[in-house]
Amino acid sequence: QLHLVESGGGLVQPGGSLRLSCSASEATWDYYAIGWFRQAPGKEREGVACITSTGSRTTYADSVKGRFTISRDNTKRTSYLQINNLKSEDLAVYYCAATWAPEDPGNPSTWSWADLRASEYDHWGQGTQVTVSS
């Protein structure tokens with residue numbers, strides 16, 4: 001089991017920035033790829049960014065590319081989603097999720113491509129609300 005806790009959501013004006021955090025206490029954190037997802041009112045849950053267990057690769061949805069940056073600090077067992085130039089369509093509940101995907105940092109052949117499909121993730125946080133309003 002992996003208990004994920006998101007934080008950092010809030011009310012931001014269009015064009016503003018926000019940094020979301022997702023943390024866990026379990027030592028197995030290092031073996032999980034992390035995805036960030038969002039669900040806007042009335043819409044399907046959408047994968048926005050993901051990062052492999054070592055941070056070797058990242059993937060972004062086209063809708064957020066250039067504005068969102070995913071990162072992780074495994075010493076802190078935390079993943080961050082930096083959101084810049086917020087737009088009204090970014091209003092959603094943002095979730096972090098984890099899927100078991102260990103990598104050997106010294107062996108690129110073990111590096112997997114991050115996956116934005118929600119069905120691939122087994123552990124989910126409670127979500128944090130991002131509201132974009134003037």
Side-chain angles (χ1 to χ4, degrees):
Q1 298 295 311
L2 193 68
H3 182 217
L4 302 173
V5 179
E6 301 105 328
S7 63
L11 175 63
V12 185
Q13 294 182 336
S17 297
L18 210 57
R19 189 177 76 159
L20 309 182
S21 298
C22 172
S23 297
S25 61
E26 293 87 351
T28 51
W29 166 271
D30 290 354
Y31 303 107
Y32 288 89
I34 299 296
W36 282 92
F37 298 79
R38 67 185 181 186
Q39 190 160 21
K43 294 186 177 181
E44 297 290 324
R45 188 166 297 188
E46 173 191 23
V48 298
C50 52
I51 188 167
T52 61
S53 60
T54 67
S56 62
R57 292 184 174 95
T58 59
T59 302
Y60 297 93
D62 288 342
S63 60
V64 306
K65 200 169 298 181
R67 297 190 300 116
F68 287 27
T69 302
I70 189 171
S71 62
R72 67 189 296 163
D73 183 346
N74 284 353
T75 67
K76 298 180 179 179
R77 295 171 184 161
T78 300
S79 175
Y80 304 98
L81 185 68
Q82 178 69 42
I83 307 174
N84 295 327
N85 191 24
L86 276 156
K87 302 177 179 180
S88 60
E89 56 262 39
D90 296 322
L91 187 155
V93 177
Y94 284 73
Y95 300 88
C96 69
T99 183
W100 183 261
E103 295 182 327
D104 179 354
N107 184 0
S109 68
T110 68
W111 300 356
S112 61
W113 293 102
D115 198 324
L116 287 174
R117 294 176 294 174
S119 61
E120 295 298 306
Y121 290 80
D122 304 301
H123 307 280
W124 292 82
Q126 82 289 346
T128 185
Q129 176 72 50
V130 172
T131 300
V132 185
S133 177
S134 59

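Looking at every heavy atom in both residues, Glu26 comes nearest to His3 through OE2-N, 3.2 Å. Of all heavy-atom pairs spanning Ala61 and Gly47, the tightest one is CB-O, 3.4 Å. Annotation for Asn74 and Ser53: closest pair ND2-O, 3.0 Å, computed over non-hydrogen atoms. Of all non-hydrogen atoms in Ser23 and Thr78, the two that sit nearest each other are OG-OG1, 2.8 Å. Across every non-hydrogen atom of Pro14 and Ser134, the tightest pair is CD-N, 3.8 Å. Across every non-hydrogen atom of Thr52 and Arg72, the tightest pair is O-NH1, 2.9 Å.
A side-chain N or O of Ser63 and one of Glu46 form a donor-acceptor pair less than 3.5 Å apart.
Using modelled atom types, one side-chain atom of Arg77 and one backbone atom of Ser25 make a donor-acceptor pair closer than 3.5 Å. Put simply, the side chain of Thr59 never gets that close to the backbone of Ala49: no donor and acceptor are under 3.5 Å apart.
Each ring pair (Phe, Tyr, Trp, His ring centres under 6.0 Å) pair with one or both residues in residues 37-56, not counting sequence neighbours, appears once here: Phe37-Tyr121, Phe37-Trp124.
Crowding of Lys65 atom NZ: a count of heavy atoms from other residues, nucleotides or ligands under 6.0 Å exceeding 12.
When side chains are defined from C-beta on, Ser17 counts as touching Gln82, because their heavy atoms get closer than 4.5 Å.
Here the CD-CD distance, from Glu6 to Gln129, works out to 12.0 Å after rounding to the nearest 0.5 Å. Interatomic distance, Arg57 CZ to Asp115 CG, rounded to the nearest 0.5 Å: 13.5 Å. Atom CD of Glu103 and atom OG of Ser109 lie 10.0 Å apart (nearest 0.5 Å).
One finds no salt bridge joining Lys87 and Asp90 here, because no Lys/Arg side-chain nitrogen approaches an Asp/Glu carboxylate oxygen to under 4.0 Å.
Counting Ile, Leu, Val, Met, Phe, Trp and Tyr side chains that sit under 4.5 Å apart, directly or through other members, Tyr31 shares a hydrophobic cluster with Leu2, Leu4, Val12, Leu18, Leu20, Trp29, Tyr32, Ile34, Trp36, Val48, Ile51, Tyr60, Val64, Phe68, Ile70, Leu81, Ile83, Leu86, Tyr94, Trp100, Val130, Val132.
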